[in-house]
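For reference, the structure discussed in these notes is given below.
Along the sequence shown, the residues carry numbers beginning at 1. Bear in mind that the values here come from a model prediction, so they are computed numbers and not experimental data. Below, each value reflects all heavy atoms present in this structure, side chains not excepted, and no hydrogens, waters or symmetry copies.
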Amino acid sequence: REAELKHGRLAMLAALGWPVAEELNGPISKAMGMQSTLVGGLDPSILNGGLEAISPIYWGGVFMFGAITEIYASKMKSRAGFRAT
């Protein structure tokens with residue numbers, strides 16, 4: 001049950017994040033003086049070949065954030081008095 005809730009929440013964030021990222025990428029990148037990563041007005045993805053523009057350092061950071069979050073969650077779960085949602 002806990003894994004289903006976690007995956008459901010992640011899927012909801014992804015469904016919200018994709019269109020929001022397409023709308024906000026241009027204005028945010030202009031404000032920061034950076035080049036937009038949009039490919040033909042769309043977020044970079046495997047389907048439009050835009051992932052080549054994303055730095056491997058970014059993907060390493062994403063992986064590390066996910067790993068640290070999971071380690072922290074497993075430590076919280078092992079504490080006394082933890083109640084799963």
If you look only at distance, which donor and acceptor atoms sit under 3.5 Å apart when one is on a side chain in residues 64-76 and the other is two or more places apart or in another chain?
{"from": "T69", "atom 1": "OG1", "to": "F65", "atom 2": "O", "distance (Å)": "2.7"}
{"from": "E70", "atom 1": "OE1", "to": "K6", "atom 2": "NZ", "distance (Å)": "3.1"}
{"from": "E70", "atom 1": "OE2", "to": "K6", "atom 2": "NZ", "distance (Å)": "3.4"}
{"from": "S74", "atom 1": "OG", "to": "E70", "atom 2": "O", "distance (Å)": "3.4"}
{"from": "S74", "atom 1": "OG", "to": "I71", "atom 2": "O", "distance (Å)": "2.8"}

Pairs where residues 56-66 contributes a residue and the test side chain to side chain donor-acceptor pair (under 3.5 Å) is met, not counting sequence neighbours: none
Please answer: with hydrophobic residues joined when any side-chain heavy atoms are less than 4.5 Å apart, are L24 and L16 in the same cluster? yes
Side chain to side chain donor-acceptor pair (under 3.5 Å) against W18, all qualifying residues, sequence neighbours excluded: E22
Run the side-chain contact (heavy atoms from CB on, under 4.5 Å) test against M32 and tell me which residues pass, sequence neighbours left out. I28, M34
Using the side-chain contact (heavy atoms from CB on, under 4.5 Å) criterion, which residues pair with L13? Sequence neighbours excluded. none
